[in-house]
Q: 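Take this structure first; my questions come after.
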There are 2 protein chains.
Amino acid sequence: MTVIFSKKCEYGLQAVLYLSTKEEDTVISAEEIAKKLSIPKEFVSKILQSLTEYGIVYSRKGKSGGFALAKNPNKIKLIDIVAAIDGLGVFNGCVLGFPNCSPDYPCPVHDKWGTLRTMAYDMLTGQTLDQFKNRTINKINNP
Amino acid sequence: MTVIFSKKCEYGLQAVLYLSTKEEDTVISAEEIAKKLSIPKEFVSKILQSLTEYGIVYSRKGKSGGFALAKNPNKIKLIDIVAAIDGLGVFNGCVLGFPNCSPDYPCPVHDKWGTLRTMAYDMLTGQTLDQFKNRTINKINNP
DNA sequence: AATTAATCAGATATGTTTGTCTGATTAAAA
DNA sequence: TTTTAATCAGACAAACATATCTGATTAATT
């Protein structure tokens, strides 16, 4: 295995990034998102539904309904999606799985992993979705 | 979720680290390893069995049998265990799950993740088990 | 030679993640 | 007002990860 984020979380991140490239207040159907990202439609739909409960995504029912971001992309960070879907467990536990890994009882790679973890956290908190816009568009429109 | 290594891999890393603290050529029973590390005995046994196929662990059957490292701890790196159990997939794929993530078609965090990934790889390749010995002993003998 | 204590192999069980299906509800458009 | 196309809720299914069980094999000890 060896996974950083669950599939659910990966899809959630991709979908939210996709929504951040759209005009504010235009809802996008799960079908369009699924097609653009090559994700099962029902699955991405469920994921976005759950993100509405966290105030990240807005949804409109009925014909020509769909999903949009619930707030301005400059108010959303990648960590918000990760926290909502996978939780922040990785930023606590020991990378080798030792119990009670701490400064007092460190595992052999405790310090190095600590540094890495901080950098990873920073990668997810340092920028907001709007700052990724160009890169996101470029990625999603390409193989 | 959000996992770096599978349970299998975590247990494998712990077990191999434990074995590296023992005198060369003394075999340790799965039961002792399981107790010391609070891991299900049958599970750690299976994991070590599979590591014998990779030439990392040596096993001796029969009464007073058990497991030992198949080579000197200064010849074994953490990455060897990871490669054997989880594979090196994390060091290839896109952290956000985008397909074909590459320098030409980078995802929004491509560069930052690349740096992190290199550091993680270095953490697993930069030292050999013997260099962890003191820290491993200290960790395993404590809560 | 019999007993004992270990690995080993393979089947089975349990749990979680991932993915699909069905029908209810909602609201725009005809 | 009917049709249509979407979310939504909940059940279901398939795949995989985790864990346990059973019995065979092995080899030291009695």
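So that the names make sense, note that chain A is the first sequence line, chain B the second, and so on, each numbered from 1.
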Q: Separation of A:E10 atom CD from C:dG19 atom C1', in whole Å?
A: 15 Å

Q: Quick one: B:E31 CD to C:dA6 C1', roughly how many Å, whole number?
A: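 For the pair B:E31 CD and C:dA6 C1', the rounded distance is 10 Å.
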
Q: Can you tell me the distance, in whole Å, between the NZ atom of B:K41 and the P atom of D:dT22?
A: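 So the two atoms are 13 Å apart, to the nearest Å.
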
Q: Kindly point out which of D:dT4, D:dT20, D:dA27 is positioned nearest to the side chain of A:K63?
A: D:dT4

Q: Could you pull out the closest heavy-atom pair between A:P108 and B:T136, with the gap in Å?
A: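 Shortest heavy-atom separation between A:P108 and B:T136 comes out as CG-OG1, 3.4 Å.
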
Q: Hey, is NZ on A:K36 packed in by over 12 heavy atoms from elsewhere, all under 6.0 Å?
A: no

Q: Looking only at side-chain atoms of A:K7, point me to the closest of D:dC21, C:dG19, C:dA28.
A: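 Minimum distance to the A:K7 side chain belongs to C:dG19.
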
Q: In this structure, how many angstroms lie between the C1' atom of C:dT17 and the NZ atom of A:K8, rounded?
A: 7 Å

Q: Examine the side chains of A:D104 and A:S102 and answer whether a donor and an acceptor come within less than 3.5 Å of each other.
A: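 No, no side-chain donor-acceptor pair sits under 3.5 Å.
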
Q: Assign each of A:K61 and B:F67 to its nearest nucleotide of DNA chain C by heavy atoms, then name whichever residue's nucleotide is nearer the 5' end.
A: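 Nearest nucleotide further toward 5': that of B:F67.
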
Q: Indicate whether the side chain of A:T52 and that of A:Q49 have a donor and an acceptor atom separated by less than 3.5 Å.
A: no

Q: What nucleic acid atoms does A:Y58 come within less than 4.0 Å of, heavy atoms only: base, sugar-phosphate, or nothing?
A: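 A:Y58: no heavy atom of the nucleic acid under 4.0 Å.
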
Q: Are any of A:Y11's side-chain N or O atoms less than 4.0 Å away from OP1 or OP2 of C:dG19?
A: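 For A:Y11, the contact criterion (side-chain N or O under 4.0 Å from OP1 or OP2 of C:dG19) is met.
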
Q: Take atom CD of A:Q49 and atom C1' of D:dA9, then tell me their distance rounded to the nearest Å.
A: 8 Å

Q: Counting any heavy atom closer than 4.0 Å, what does B:G65 reach on the DNA or RNA strands: base, sugar-phosphate only, or nothing?
A: sugar-phosphate

Q: Whole angstroms only, please: what is the CG-P distance between A:L48 and D:dA9?
A: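 Between P of D:dA9 and CG of A:L48: 13 Å.
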
Q: Whole angstroms only, please: what is the NZ-P distance between A:K46 and C:dT20?
A: 13 Å

Q: Nearest whole Å is fine: how far is C:dT7 C1' from B:I33 CD1?
A: 12 Å

Q: Could you check A:P40 against A:G62 and say which one's nearest nucleotide on DNA chain C is further toward the 5' end?
A: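 Per heavy-atom nearest nucleotide, the more 5' residue is A:P40.
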
Q: Whether A:E42 and A:K46 form a salt bridge (side-chain N of Lys/Arg under 4.0 Å from carboxylate O of Asp/Glu) is what I want to check.
A: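 Salt bridge flag = no for A:E42 with A:K46.
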
